[in-house]
Amino acid sequence: MSLPSRKLQVRFFAVLREQAGCSSVTVESFALTAAALYAELQSRFPALTFPAALLRVSLNERYADMTAPLSAGDRIVFIPPVAGG
Amino acid sequence: MFELTSSPIDPAALRTRLAAPEAGALTVFEGRVRNHHQGRPVARLEYEAFDEMARLEGEAIVAESENIHAGATVLCVHRTGTLQIGEIAVWIGVASAHRQTGFAACRHVIEELKLRLPIWKKEHHPDGASEWVNCTVEAGSNAAGDDTHARQVALPEIGPGGQARLAAARVLIVGLGGLGCPAALYLAGSGIGHLTLVDGGKVERSNLARQILFTTAEIGGPKVVAAAARLRLHHPAGRISAHAGDLTAGNARTLVAGQDVVLDCSDNFATRFVLHDACLALGVPLVQAAVHRFEGTLDVFQRGAGGCLHCLWPGRPAAELDFAGNCDGAPVFGPAVGVLGVMQAAEAIKLVLGLEGLAPRQTRLVNLLDGTQLAIERPVRADCPVCARLDQLKAATEQLAASDAALLIDAADVSALGLSARVIFLTEPGDDLSAPGMARTVPAHDLARLRELAADGPLVLACRHGLRSAALARMLRAEGMGAVRALAGGNPPAGLQSFLR
Ligand SMILES: [Zn+2]
């Protein structure tokens with residue numbers, strides 16, 4: 001029987017990296033979606049105040065929906081507004 | 001080809017790589033670090049990339065551009081690390097036979113890159129202060145100076161509250177022809193937060209007279225790509241999603257679920273019926289328009305208002321209606337589709353704002369030849385099987401919501417409410433689907449299937465620990481499927497056997 005919590009790998013870039021104070025973290029999470037995971041991370045890193053409404057998310061290096069379900073081993077990166085070019 | 005580099009960019013070397021005897025044009029864009037931004041002096045910039053994804057996304061953008069602009073060979077290099085004033089941050093070169101292709105492909109790459117490439121830049125000011133560009137969320141820093149919607153916010157019917165509702169709204173537009181183009185522009189202009197565009201077609205020269213999102217530069221490319229790029233320039237604060245394909249019976253419910261309003265801007269009855277049925281099943285208001293020569297019709301269909309598209313055309317096959325009506329290629333007066341598309345946008349905005357719109361079951365006929373408008377009542381057929389089924393669905397949804405607003409339902413109530421046949425067990429990868437109790441299962445990640453099932457009526461989700469089922473039920477409810485519940489507590493599959501008979 002599989003456990004309901006899963007290991008997820010989260011990396012932080014730019015403004016989120018500075019707010020979280022680290023560039024990556026592996027979490028045991030019950031969060032089913034990226035949106036729920038960000039809320040969990042915000043309680044774990046109180047300085048992570050960047051508004052969720054302005055974020056996109058990448059799941060295993062591809063853009064995904066904030067409500068897409070997460071699976072064990074997923075690599076998650078929250079993407080604040082980009083500024084390439 | 002797309003590359004990331006931490007070394008200075010050498011344009012001469014890159015130009016050489018694009019040399020080809022058949023290329024009569026080399027179009028180059030260089031993005032350079034400038035010494036000011038939004039009125040503040042800038043000393044240097046620091047670029048940070050999510051390396052793995054930036055490479056994938058950069059390659060995808062280049063491939064899309066080469067695909068849309070046939071004959072273009074694109075090379076794009078983006079710099080990372082600390083850059084001084086005047087240094088090149090991004091270099092895009094396009095080799096092509098003709099200049100039109102080069103300019104269009106080059107423009108496409110830089111605009112997409114600015115939207116999608118996971119690269120961030122930090123501005124360092126001469127006074128030692130620094131900030132991440134586009135990420136400053138100080139109260140009012142962006143919002144206060146933004147007067148984009150000032151003129152409509154000044155309307156008492158809209159105001160700041162209404163503007164916030166528009167910014168939170170999701171609208172689906174099916175068809176980007178003569179109706180969809182003006183509708184999309186006005187919806188983006190009104191500040192709709194998330195527009196989803198659906199069209200499988202490509203831009204043709206004969207479209208340009210009416211389809212006002214497109215120019216000669218986009219001929220041959222997918223309509224949704226050109227439209228999305230144009231709308232993003234128009235409405236940078238909004239989200240635009242593009243679905244480059246037709247609406248089908250297979251994807252209609254997935255596309256409609258979670259939308260606040262849907263616009264039918266299609267040009268054929270097959271699409272019209274599929275979209276209408278999905279909207280009514282999911283309870284999403286549908287604004288439909290159709291144009292024939294100088295005349296157009298505008299309709300709003302809402303579940304529970306009585307009178308559906310099948311009441312209007314009982315038992316008529318779509319192909320027969322297309323032959324009689326306004327199929328693709330039929331003669332049409334350009335301003336007629338423009339007027340009707342804008343009227344669709346107006347009805348959609350009013351639906352989001354809760355303002356009074358077209359009366360239920362009213363068809364508005366607009367004639368651009370004699371300048372008249374006429375309202376006629378749509379028929380309601382007492383024996384319409386579609387209406388009867390929709391009424392049942394609505395009643396079941398309301399009953400369930402009223403009987404207990406709670407998300408969780410226990411086993412006894414499942415039996416009492418006669419929902420045993422609507423229990424679905426959510427499976428995880430690796431589950432043994434032949435185990436006892438696994439009769440009715442859906443993989444927990446198959447949202448499209450769950451949305452379809454939820455649209456068919458009340459649904460009870462179960463899973464081993466009761467966590468995933470509750471979360472998915474909450475999500476589907478948030479999308480408007482109020483009759484989705486989760487079975488309380490954890491439920492090993494074998495324990496479900498009593499339900500699944
Ligand atoms: Zn009907």
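Keep in mind that what you see is a predicted model, and the values were worked out from it rather than measured. Below, read A as the first sequence line, B as the second, and so on, with proteins coming before strands; counting in each chain starts at 1.
Judged by distance alone, with hydrogens and angles left aside, the side-chain atoms of B:Trp120 form no donor-acceptor pair with the main-chain N or O of A:Phe13 at under 3.5 Å. Remark: the backbone N or O of A:Pro81 is not paired with any side-chain donor or acceptor of B:Asn134 at under 3.5 angstrom. Formation of a donor-acceptor pair under 3.5 Å by the B:Tyr47 side chain with backbone atoms of A:Ala83 is not found in this model.
With rounding to the nearest 0.5 angstrom, the OH atom of A:Tyr63 is 4.5 Å from the CE atom of B:Met53. A:Leu54 CG to B:Cys135 SG: the interatomic distance, rounded to the nearest 0.5 Å, is 8.5 Å. With rounding to the nearest 0.5 Å, the separation of CG in A:Asn60 from CD in B:Glu52 is 11.5 Å.
Scanning all heavy atoms of the two residues, the minimum distance from A:Gly84 to B:Lys121 falls at O-NZ, 4.5 Å. The nearest pair of heavy atoms linking A:Pro69 to B:Leu447 is CD-CD1, 4.0 Å. Closest heavy-atom contact between B:Val90 and A:Gly85: CG1-CA, 3.6 Å.
Taking chain A as the reference chain and counting heavy-atom pairs below 4.5 Å, the highest number among B:Glu131, B:Lys114, B:Arg116 is found for B:Arg116. Among A:Val77, A:Ile79, A:Val82, A:Leu70, the residue with the largest count of heavy-atom pairs under 4.5 Å with chain B is A:Val82. Counting heavy-atom pairs closer than 4.5 Å to chain A, the top residue among B:Leu113, B:Leu472, B:Leu115, B:Val33 is B:Leu115.
With a 6.0 Å radius and a threshold of 12 heavy atoms from other residues, nucleotides or ligands, B:Arg107 has its CZ atom at or below the threshold.
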Verdict with supporting geometry, A:Arg17 and B:Glu48, side chain to side chain contact (heavy atoms under 4.5 Å, CB included):
CA-CA 11 Å; A:Arg17 175 176 49 72; B:Glu48 178 171 337; 2.4 Å; yes
Check against side chain to side chain contact (heavy atoms under 4.5 Å, CB included), A:Leu32 and B:Arg468
CA-CA 7 Å; A:Leu32 289 140; B:Arg468 192 157 282 209; 3.3 Å; yes
Walk me through whether A:Glu18 and B:Lys122 qualify under side chain to side chain contact (heavy atoms under 4.5 Å, CB included).
CA-CA 12 Å; A:Glu18 289 181 352; B:Lys122 192 176 201 178; 2.5 Å; yes
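Looking at A:Glu61 and B:Arg55, no side-chain N of the basic residue comes within less than 4.0 Å of a carboxylate O on the acidic one, giving no salt bridge.
Both the backbone and the side chain of B:Phe50 come within less than 4.5 Å of a heavy atom of chain A. In this structure, chain A has no heavy atom under 4.5 Å from any part of B:Ala54. If you measure heavy-atom distances from B:Leu56 to chain A, the contacts under 4.5 Å come from both the backbone and the side chain.
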